[in-house]
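No hydrogens, no waters, no symmetry mates; every other heavy atom, side chains included, goes into these values. Numbering of ligands and ligand atoms starts at 1, following listing order.
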Amino acid sequence: MSLEDDLGDWRRSHYSSELQGMDGREVTLMGYVSSIRDHGNIVFVMLTDKEGEVQIVFKKDGSSNLPEAESKVEPSPSSLSSLSPSPQSLQSSHSLFSKAKVLKEHSSIAVRGVVKSMKNAPKGIEIIPREMKILSLARSIPPFSIYSKSIPLDARLDIRAVDLRRHYLRAVFKIRHNVLKAIRAFLDEQGFIEVNTPKMISTASEGGAALFPIFYFDREAFLAQSPQLYKEQLTLAFEKVYEIAPIFRAEPSRTNRHLAEAISVDVEHAFVNYEDVMHILEGMVSHVIGYVKDKNREELDMLSMDLVKPTTPFPRYRYSELVDMLRREGARIEWGDDFTTEHLKALAGILKGYYFVVDWPASMRPFYTKVKGDGSYALSESFDLMYNDLEISSGSTRINRKDELIARLKMQGLKPESFTHHLIVFDYGMPPHAGFGLGLERFLMTITGIENIRDTTFYPRDIDRLVP
Ligand code: ATP
Ligand code: MG
């Protein structure tokens, strides 16, 4: 004997967010049970759907459940084991109540009932049910409530699909959706076209960074750590391109800001330099935040985020300037050293919000980065976009002359022969170009206040986790 019903011809008539001002109307709602309060003769079930939640009130004495007009409807003889498939049928109050009694949190249900204003109910509305289908009865209870925020990460990630039902995480991913939407709208408006480049590649695009090897038929290949070389090549035909896609990095470190698989927003633009793309990047960041602030009020409230649309231009600091600043603060750092976590924390104590660090030593940047023509050749036309102590983007003017590129490859210990298919493009009039890569998850951390990058991605991948 199954307690579960088929969907049959039932379909949702409304979302929980659409019930205001519908007093007395009959609706069909679908969703899952997010909480149950059982007071013996009365059971309050919270139904959550993708738009929100609404309370369903099951009373043992079902007749008193129903508004006058409705209670005159003849009850059908349906029972727990044999439900009438007719959508018009009204289950006996007894069977309806018994069904409510067997419900467990997370079960999927469909409820037909009447909307009733009720001051004390969440959002001032409750549903007086006439019929319910249990579409899928939960068999186990997850080790966490969907309402709580502080639960050990590993316990949650093991059943991530259920974890993602939690309200604050749904808020994060609803915001993520709008971040992507706003990025695309912004870049589209600026005349960029969206491209896709291969994720299975034969050589490293940047050298250095750890690659994941894969089997490619009978050869070794790698997962792309960045679309860098392809997006540069595509400026030849399209001038302004962007890609939103995974990057793969075999990061052995366990930090709150590194994933083995992340989503990168990559932009490349012909006939401009790094200052022009910094202008695009800050414009994009500000636009996205303005959009989210406008469209995701409820989600931002849930995350207790008082988002402020940053004004542009963002402050710019030269790398050398920050090294001096750190030294004045007593930090030990030599010109040419990368900023350590401690350095970044110290900087974030002084520099707040979004800011650029520009003109990095050429030796610290990838081979394709253009060196500054200031005579010293020690600096590069490059930048990082920071938010407090978090790097969210790196970019630069790229080298567009083949001989210069080959020289820089060699200088960084890379073999030009491994880049034959890339270098050949530079024989065909490669335009000057510049671009950046922005980490989507890190950007989302700055918007949502989420401190662990794993909670800004659906199924995080890191050195310890390859499932689910
Ligand atoms: P970091 O120094 O923080 O490891 P990076 O300088 O190696 O980052 P880039 O190669 O500059 O990273 O990549 C551009 C952007 O892509 C970064 O600013 C960041 O936002 C994002 N990104 C890079 N690696 C990762 C990663 N492992 N996990 C999540 N995001 C990443
Ligand atoms: Mg970087």
Tell me whether the Mg ion (ligand 2) has Asp384 as a neighbour, meaning an N, O or S atom of it below 2.8 Å. no
Do other residues, nucleotides or ligands put more than 12 heavy atoms under 6.0 Å from Arg332 CZ? no
Does either side chain, that of Glu381 or that of Thr369, offer a donor lying less than 3.5 Å from an acceptor on the other one? no
Where's the contact between Ser393 and ligand 1, heavy-atom distance under 4.0 Å: side chain, backbone, both or neither? backbone
Quick check on the 6.0 Å ring-centre criterion: do His422 and Tyr230 meet it? no
Are Phe173 and Phe458 an aromatic pair by the rule of ring centers under 6.0 Å? yes
Does Asp462 use its side chain to pair, donor to acceptor, with the backbone of Arg465 at less than 3.5 Å? yes
Enumerated ligand 1 atoms positioned under 4.0 Å from heavy atoms of Glu251: 27 (N)
Ligand 1 versus Arg257, non-hydrogen atoms closer than 4.0 Å: side chain, backbone, both, neither? backbone
Indicate, as side chain, backbone, both or neither, the part of Arg249 found under 4.0 angstrom from ligand 1 when only non-hydrogen atoms are considered. side chain
Report, in ascending order of atom number, the atoms of ligand 1 lying under 4.0 Å from any heavy atom of Ile453. 29 (C)
Side chain or backbone of Arg442 under 4.0 Å from ligand 1, or both, or neither, by non-hydrogen atoms? side chain
Will you find, in the side chains of Asp384 and Tyr355, an N or O donor that is under 3.5 Å from an N or O acceptor? no
Which is the closest N/O/S atom of Glu391 when seen from the Mg ion (ligand 2)? OE2
